[in-house]
Amino acid sequence: MSNLAYQTQRQQQEPKQTYVQQPQAQPSVRTSRVTKGEKILWSFASLLLIAGAIFMVSNYASIYKVNSSIQSVERSISYENKVVDDLKLQVTELSAPDRILKIAKEKLGMTLNDKNVKVLEN
C-alpha cells in the first residue's frame with residue numbers, strides 16, 4: 001500500500017473528529033457590589049453618627065459641669081444660711097432687755113426712770 005492509500009484507509013477507519021471552537025471567555029470585569037454613591041452615603045452617615053456622638057458627649061460634659069457648679073453654690077448658700085441663723089441668735093441674745101439694763105447701769109451709770117420709758121413695737 002502506498003502512502004496515499006494508507007492515509008485514505010486510515011481516515012475511513014478513524015471516526016471523524018470535529019473540533020468545535022469554543023468562544024474564548026472574555027476577561028470578566030469585576031464590578032464592586034457597592035457603588036460610589038452608596039460609598040458616599042455610608043461615609044456621610046458614619047460622619048453624622050460620629051458627629052452626633054461627639055455632640056452628645058460634649059452636652060453631657062457641660063451638664064456635669066453645670067451640676068457641679070450648682071452643687072457648690074447650694075453648699076455656699078447653706079453655709080451662709082447657717083451663718084445668718086447664728087447671727088440672728090446672737091442679735092437675740094445681745095438685745096435682751098436685762099442685758100441692756102445691766103450694761104446701762106454698770107458701764108454708763110444710767111438709771112431707770114419709768115416716766116421716760118417708751119415702748120416701741122417692731
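Treat the numbers as computed from the prediction; the structure is a model and nothing was measured.
- I100 meets the side-chain contact (heavy atoms from CB on, under 4.5 Å) test with no other residue; sequence neighbours excluded.
- Considering only residues two or more places apart in sequence or on other chains, L94 meets the side-chain contact (heavy atoms from CB on, under 4.5 Å) condition with R99.
- A search for side-chain contact (heavy atoms from CB on, under 4.5 Å) contacts involving D98 returns nothing, not counting sequence neighbours.
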N/O donor to acceptor pairs below 3.5 angstrom from side-chain atoms of residues 73-89, sequence neighbours left out:
unit_1: S76; atom_1: OG; unit_2: V73; atom_2: O; d: 2.7
unit_1: N81; atom_1: ND2; unit_2: I77; atom_2: O; d: 3.4

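- Atom OG1 of T111 sits about 9.5 Å away from atom CG of N116, to the nearest 0.5 Å.
- Hydrophobic cluster of I103: no remaining members, since no ILVMFWY side chain lies below 4.5 Å from it.
- With rounding to the nearest 0.5 Å, the separation of CG in N67 from OG in S72 is 11.0 Å.
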Which atom pairs, one a donor and one an acceptor, fall under 3.5 Å between side chains of residues 42-52 and the rest of the protein, sequence neighbours left out?
unit_1: S43; atom_1: OG; unit_2: K39; atom_2: O; d: 2.8
unit_1: S46; atom_1: OG; unit_2: W42; atom_2: O; d: 3.2
unit_1: S46; atom_1: OG; unit_2: S43; atom_2: O; d: 2.8

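- Expressed to the nearest 0.5 Å, how far CG of L41 lies from NZ of K36 amounts to 14.5 Å.
- Of all the heavy atoms in E38 and R33, the pair that sits closest is OE1-O, 3.8 Å.
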